Amino acid sequence: MNQEQPSPTKTSLSQDELNVKLHPLGIYCFAFSPDQSMIAISVKDENKVLIYQVSKDLHIPREFKLLYTLKEHSLPVSTLDWSIKNQILTGSYDRNVVVWHLNKELNRWDPELVITVGQKRAVLGGCWSNDGNKFAVGTATKRAYIGYYEASNKWWNSYTIKGFLSSVLDVKFHSSGRVVACASADHTVKLVTCYIQEIDDANPVTGAFSNIKSNGEVLWVVKDAGGWVESLAFSPDYRILAFAVHDGSLHYVELGEDGIPTDNTFTTFVDLPLKSIAFVSNTELLAASHDKFATIYVKEGAGPLKKGPRLENAVGYPNGVKIVKSDFALKKNLFESGQRSSKIVAPSKQFHSNPILCLRQFQGRRFASCDIHGNFFFWDI
């Protein structure tokens with residue numbers, strides 16, 4: 001179907017232009033290819049990943065063309081990520097991890113063997129390192145795994161990071177690739193070394209953690225974050241680590257020149273727990289909540305993050321947008337003041353019908369979100 005090219009002067013798009021019902025059964029998670037030409041989604045209640053084509057010219061997937069279907073798991077895929085080397089990582093409730101590569105001759109994605117010794121429960125979170133040489137997965141076995149390719153054996157091997165008292169819910173690599181942040185249901189956040197000699201010696205780095213020569217060493221830990229730690233995110237410059245906790249709190253720490261966080265942890269409390277977080281810039285964090293909204297939080301100097309607008313009200317952000325109080329705070333002020341009504345305008349529309357499960361950057365300041373009912377939205381921030 002032919003589509004008209006947008007006007008060169010058009011800088012923003014209506015929300016109706018930026019959303020689709022991607023799959024009727026619902027979506028657990030998704031990831032974009034490195035060139036943003038494709039999107040992979042995990043389908044609710046099905047044991048497969050669907051890969052769709054995304055419009056490269058408009059970057060507005062009003063219509064998706066199904067290109068590939070990945071079938072290897074026996075239970076739904078709980079996490080997936082797409083590396084800069086064009087490889088897809090999938091982890092499933094069936095306890096297995098699979099790496100997929102594109103067979104261009106046969107025009108299909110082929111699975112590659114991944115060895116995870118002792119992995120006997122669901123895979124809950126996963127990601128690639130920035131260079132695509134390693135992956136990390138968190139599991140319900142109270143362990144995380146660091147995977148790497150062994151060319152001599154033509155398989156993906158892995159080693160185990162232990163020391164957790166409960167499930168590892170999320171993992172994120174530092175830009176060095178030698179340290180991984182792990183979030184656990186045991187209320188901890190840890191920075192753990194993940195040096196692999198044959199990989200890292202062949203790919204030297206400079207800056208923070210460049211001298212790391214160990215694996216499994218805990219460099220820093222939050223011993224009691226107040227609840228399950230649901231999601232992690234590094235800022236684009238890797239000077240901030242943020243994490244969301246199931247008690248309804250959002251925290252961040254600043255990282256020093258050596259990569260180790262400083263002593264101060266700044267905390268912001270939100271109305272409902274956050275499910276997924278992602279940095280928009282070094283001072284802006286996008287957070288998806290169980291209240292079915294995604295909200296921008298802003299760092300203004302030292303101190304807790306300040307709540308900004310919900311995304312459907314973020315047209316033209318950050319120009320002319322004021323920091324607003326939460327709905328709870330507004331209602332509390334109304335009650336205490338004795339007023340009968342409020343002049344505060346309620347959000348115009350509830351876009352997601354269920355809690356947002358996954359947030360991803362698409363390109364620049366355009367992000368995407370999904371929920372379990374299959375609603376999929378693009379947002380210009």
Side-chain angles (χ1 to χ4, degrees), residues 1-8 10-73 76-92 98-112 126-128 132 135 276 278 294 351-352 356-381:
M1 177 178 175
N2 294 328
Q3 295 183 348
E4 294 182 1
Q5 294 292 333
S7 168
K10 188 174 183 180
T11 58
S12 63
L13 300 151
S14 68
Q15 192 57 49
D16 287 340
E17 291 180 287
L18 294 175
N19 71 70
V20 290
K21 186 79 169 181
L22 190 50
H23 200 282
L25 293 182
I27 307 169
Y28 280 125
C29 53
F30 66 93
F32 293 107
S33 62
D35 62 358
Q36 294 90 38
S37 65
M38 293 181 285
I39 180 174
I41 69 167
S42 167
V43 180
K44 175 191 173 185
D45 297 333
E46 293 192 6
N47 314 328
K48 60 188 179 182
V49 172
L50 304 180
I51 299 178
Y52 291 90
Q53 184 179 25
V54 176
S55 169
K56 192 172 183 180
D57 295 327
L58 297 181
H59 294 293
I60 306 167
R62 293 180 63 86
E63 293 188 358
F64 289 80
K65 178 183 177 182
L66 182 61
L67 300 177
Y68 307 98
T69 300
L70 310 186
K71 296 181 179 180
E72 185 69 17
H73 293 284
V77 172
S78 53
T79 184
L80 62 88
D81 198 21
W82 207 319
S83 81
I84 195 172
K85 292 186 173 182
N86 201 34
Q87 293 176 308
I88 297 175
L89 171 72
T90 59
S92 169
V98 178
V99 172
W100 303 80
H101 76 275
L102 180 60
N103 187 326
K104 294 183 179 179
E105 292 182 0
L106 299 177
N107 191 31
R108 72 184 187 194
W109 287 84
D110 291 334
E112 296 179 337
C127 70
W128 288 100
F135 68 77
S276 181
F351 289 94
H352 283 286
I356 297 170
L357 297 182
C358 186
L359 284 174
R360 289 272 186 175
Q361 184 183 33
F362 179 57
Q363 189 179 61
R365 294 178 68 87
R366 181 166 294 176
F367 280 69
S369 59
C370 75
D371 65 38
I372 200 64
H373 277 182
N375 297 306
F376 184 88
F377 297 94
F378 279 81
W379 308 90
D380 279 340
I381 301 173

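Both backbone and side-chain heavy atoms feed into the values below; hydrogens, waters and symmetry mates do not. All values reported here derive from a predicted model rather than from experimental measurement.
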Worksheet item: Quick one: do Asp371 and Lys44 make a salt bridge, cutoff under 4.0 Å?
Response: no

Fill in: Side-chain donor or acceptor of Thr79 paired with backbone N/O of Gly126 under 3.5 Å
yes

Discussion item. Using only atom types and a distance under 3.5 Å, with no angle test, would you say the side chain of Trp128 pairs donor to acceptor with the backbone of Ile84?
Written reply: no

Worksheet item: What distance do Met38 atom CE and Ile88 atom CD1 have between them, rounded to the nearest 0.5 Å?
Response: 7.0 Å

Fill in: Asn107 side, atom CG; Leu102 side, atom CG - distance, nearest 0.5 Å
7.0 Å

Worksheet entry | Side-chain touch Tyr28/Ile372, heavy atoms, less than 4.5 angstrom | yes

Worksheet item: Roughly how far, to the nearest 0.5 Å, is the OH atom of Tyr68 from the CD1 atom of Ile51?
Response: 7.5 Å

Worksheet item: So do the side chains of Trp100 and Val49 get within less than 4.5 Å of each other, counting heavy atoms only?
Response: no

Fill in: Nearest-0.5 Å distance, CD of residue Glu46 to NZ of residue Lys71
8.5 Å

Discussion item. Using a 3.5 Å distance criterion without hydrogens, assess whether the side chain of Gln363 forms a donor-acceptor pair with backbone atoms of Gln361.
Written reply: no

Discussion item. For a 4.5 angstrom cut-off between non-hydrogen side-chain atoms, does Val54 reach Ser37?
Written reply: no

Worksheet item: Counting N and O atoms only, with roles assigned by atom type, does the side chain of Ser42 sit under 3.5 Å from a partner on the main chain of Val77, one being a donor and the other an acceptor?
Response: yes

Worksheet item: Within a strict 4.5 Å, meaning less than it, do heavy atoms of the Trp82 and Pro34 side chains meet?
Response: yes

Worksheet item: Trp379 vs His352 aromatic rings, parallel, tilted or perpendicular, using cut-offs 30° and 60°?
Response: tilted

Practice prompt. Without swapping roles, check the side chain of Ser83 against the backbone of Gly132 for a donor-acceptor pair under 3.5 Å.
Written response: no

Item to complete: Would you give the length of the straight line joining atom CZ of Phe135 to atom SG of Cys127, rounded to the nearest 0.5 angstrom?
Response: 10.5 Å

Item to complete: Calculate, to the nearest 0.5 Å, the distance between atoms CZ and CD1 belonging to Phe376 and Ile39 respectively.
Response: 3.5 Å

Item to complete: Could you please spell out the steps behind the side-chain contact (heavy atoms from CB on, under 4.5 Å) verdict for Lys65 and Leu67?
Response: CA-CA 6 Å; Lys65 178 183 177 182; Leu67 300 177; 4.2 Å; yes

Worksheet entry | Minimum-distance pair of heavy atoms, taken over all atoms of Cys358 and Cys29 | CB-CA, 4.1 Å

Worksheet item: What is the minimum heavy-atom distance between Leu357 and Ile27, and which atoms define it?
Response: CD1-O, 3.6 Å

Worksheet item: Is Arg360 reaching over with its side chain to a backbone N or O of Phe30, donor-acceptor style, under 3.5 angstrom?
Response: yes

Worksheet item: Counting distance only, does the side-chain N/O of Arg108 pair as donor-acceptor with the main-chain N or O of Asn103 below 3.5 Å?
Response: no

Worksheet item: Where do Val98 and Pro111 come nearest, in terms of heavy atoms and distance?
Response: CG1-CB, 3.7 Å

Item to complete: Determine whether Leu50 and Val43 make a side-chain contact, defined as any pair of heavy atoms from C-beta on separated by less than 4.5 Å.
Response: yes

Item to complete: Indicate the atoms forming the closest heavy-atom contact of Ser92 with Pro76, along with that distance.
Response: OG-O, 2.9 Å

